[in-house]
Amino acid sequence: MTGLALTSLTLSHFRSHRRAVLAFDGRPVAIHGPNGAGKTNLIEAISLLSPGRGLRRAAPQDLARRPEALGWKLVATLATPTGAHEIETWAEPDTARTVRIDGKAAAQTALARVAAILWLVPAMDRLWIEGADGRRRFLDRATMSFLPDHAGAVLDYEKAMRERNRLLKDMVRDPAWYAALEGQMAQSGARISANRATALAALAAAQAEAETAFPAAELGLTHPEGPLPETDEALRSALSDNRPRDLAAGRTLIGPHRVDLTAHWRAKDMAAADCSTGEQKALLISLILSNARALAARTGTPPILLLDEVAAHLDAARRAALYDEICGLGTQAFMTGTGSELFEALDARGQSFVVTETGGRSTVTEVPPSAPP
Amino acid sequence: MSDTRDIELLIDLMARLPGLGPRSARRAVLHLIKKRGQVLLPLADAMHRVGTSARECLNCGNISTRDICPICDSEKRGNGQICVVEDVADLWAMERSGVFQGRYHVLGGTLSALDAVGPEDLRIPRLIDRIATENVTEVILALGATVDGQTTAHYIADRLPGITVTSLAQGVPVGGELDYLDDGTITAALRARRAL
């Protein structure tokens, strides 16, 4: 095993898992079990080995097992090309999430430098037809996978924008205060735009080079107020010029926080929002796989993929194609589904686990290859 | 049953101090009681005196036991430089280095619209007054490299036209190794590189 892989994971009082100790060998992992057994909880735990609130965007206190609510802890070993790293992350009741990497306290953002983790969850099935927020988040997560410091630029921009919005709401008319905040927004905003452009170019290149059963999409960015100024200076001056309109609206009307991601199914010449549910899902899978391919091309290491209920909306041929592409990429993908038959086409190329639940407590058991359920 | 209410109260008060939790507060109180003559009573006396005499300097916001702190009072420190810091702890850090020979201005925080902290709450008007009355030639902004710190720095720079405004350099710490620095710090250090 030379790439990136999660080799061990211990969950303690995490959602429905009171204690689970799991070992993985780097192959793709199929996790099956009935609804509500705790399959998504398991991959949610893995998603917390990256910065942020994980694939459900849950607050730390909501991750603790109930009714005990003692707090929760995850301990994981990640094998990377530069060596193994032990990640510990936990939250005591009513405290923020804490991270330790190799026994040393670390900021959450440092996790992005250890491992790239991408995910696809059923809540994203409506990505193309719901609000721009979700698409921007999707774009920023993809961007972060290429450029871990993108998270810092987004946080700085949002912090300065919240401050500016408060001034706008309170009708404060202190030009120096606005100028100081707009300077901060322009600096981080220009970095955000440049990072997103880099990510889109990398995704487009990965799609162009790939032989895949999944549809290719033309990706683009739109801004509701005309073209978004891209340089620091241009954005600073646009924010300054737009101040009277922003004062009337009580919020910042221009900037990278309003950019939307668009996708167009190339072969069908159709906007993603107009495609069928299955086609939209296939488009999302295509983007995640492109992201993984682009990362593998850039860093030599494919990311870990978390694909929740991935088999839903896919016919047997597409499922088989997905498993072939995952194995071809050499990525450790964790996939969940209700029945083991959904993963038959993966066969011995993957590890298989079954999750069951009794009395509110989940149990995870590895299914030996010789004795399929 | 023995009455320990005063001791419990002392532990409770100590536990409110920065860096102390209930357990360390208990340990500290036990130590104080054991070292009553050497530590507890002199400490109580010093706390009482500081409690009645400590005040903010009317000029710069530093803390001392006089209306005008010794730094503002010293003619030697009037070299035309004012170093603007967020709070008194930053002033003490600068003084520990012993390098800066000018005077200070303690803002008492950073601009934050979300926390309702505006320029009037930060002694910024007082800083502008001082520029005119103290023959100031340079204002050194020693504020944090955070969004709030840098917003405050830019705001102050904007309000002080016609005077040299500088800020502390950002980059590799003395004795630091590049391998342990984040990308942002390395970028800042590279941008601020200088000829050897």
Side-chain angles (χ1 to χ4, degrees), chain A residues 51 82 92 95 101-102 104 106-113 144 146-189 191 194-195 232 236 239-240 250-252, chain B residues 19 21-23 84 86 107 109-125 127-128 131 139 141 143-163 165 167 170 176-192:
Chain A
T82 54
E92 313 263 347
T95 62
I101 301 176
D102 297 325
K104 288 183 185 159
Q108 271 189 50
T109 48
L111 289 171
R113 293 188 189 92
M144 265 180 254
F146 297 111
L147 304 157
D149 287 345
H150 183 65
V154 172
L155 287 176
D156 284 355
Y157 179 84
E158 286 180 350
K159 161 87 174 120
M161 186 180 68
R162 280 199 304 274
E163 291 278 331
R164 185 175 185 269
N165 284 350
R166 169 55 63 188
L167 295 185
L168 293 168
K169 275 208 178 73
D170 293 348
M171 303 293 277
V172 173
R173 292 177 189 274
D174 182 336
W177 198 345
Y178 280 106
L181 287 168
E182 286 158 5
Q184 301 281 304
M185 287 172 71
Q187 210 175 12
S188 42
R191 275 169 58 207
N195 292 346
D232 182 339
R236 185 193 306 250
L239 285 165
S240 169
R251 67 197 169 94
T252 305
Chain B
R23 187 178 298 174
V84 178
E86 190 179 323
L107 293 175
T110 49
L111 282 177
S112 173
L114 291 169
D115 296 329
V117 180
E120 304 294 327
D121 306 304
L122 291 183
R123 294 196 194 94
I124 291 176
L127 173 66
I128 294 165
I131 305 299
V139 172
L141 299 173
L143 300 173
T146 59
V147 170
D148 285 344
Q150 291 308 297
T151 300
T152 309
H154 284 108
Y155 179 87
I156 292 172
D158 194 80
R159 297 296 305 272
L160 302 176
I163 190 159
V165 180
S167 67
Q170 292 174 2
E177 291 178 44
L178 284 185
D179 192 29
Y180 288 93
L181 297 186
D182 64 279
D183 300 354
T185 306
I186 291 179
T187 307
L190 195 62
R191 282 193 186 138

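Every chain is numbered from 1, with letters handed out A, B, ... down the list of sequences. For clarity, every value in this text was computed on a predicted model and none was experimentally measured.
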Q: Counting only non-hydrogen atoms closer than 4.5 Å, can you tell me which residues of residues 113-123 of chain B sit against chain A?
A: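 Under the 4.5 Å heavy-atom cut-off, B:Ala113, B:Leu114, B:Val117, B:Gly118, B:Pro119 qualify.
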
Q: Taking salt bridge (charged side-chain N to carboxylate O under 4.0 Å, His left out) as the definition, give me every residue that meets it alongside A:Asp170, ordered by chain and number, with sequence neighbours left out.
A: A:Arg166

Q: Mind checking salt bridge (charged side-chain N to carboxylate O under 4.0 Å, His left out) for A:Glu163 and listing every partner two or more places apart, or none if nothing turns up?
A: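 If we apply the salt bridge (charged side-chain N to carboxylate O under 4.0 Å, His left out) test to A:Glu163, skipping adjacent residues, the hits are A:Lys159.
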
Q: Is there a side-chain contact between B:Thr152 and B:Glu86 in this structure, where contact means two heavy atoms from C-beta onward sitting under 4.5 Å apart?
A: no

Q: Are any non-hydrogen side-chain atoms of A:Thr252 and A:Leu168 less than 4.5 angstrom apart?
A: yes

Q: Any idea which heavy atoms bring A:Ser240 and A:Glu182 closest together, and the distance?
A: CA-OE1, 3.5 Å

Q: In terms of heavy-atom pairs under 4.5 Å with chain A, which of B:Thr146, B:Asp158, B:Val147 leads?
A: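 Of the candidates given, the most pairs with chain A belong to B:Val147.
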
Q: Quick one: does any side-chain atom of B:Gln150 pair with a main-chain N or O of B:Gly144 as donor and acceptor, under 3.5 Å?
A: yes

Q: Who passes salt bridge (charged side-chain N to carboxylate O under 4.0 Å, His left out) against A:Asp149, sequence neighbours left out?
A: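 Residues passing salt bridge (charged side-chain N to carboxylate O under 4.0 Å, His left out) with A:Asp149: A:Arg113.
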
Q: Heavy atoms only, distances under 4.5 angstrom: which of A:Leu155, A:Val172, A:Leu167, A:Asp174 has the most pairs with chain B? Name it, please.
A: A:Asp174

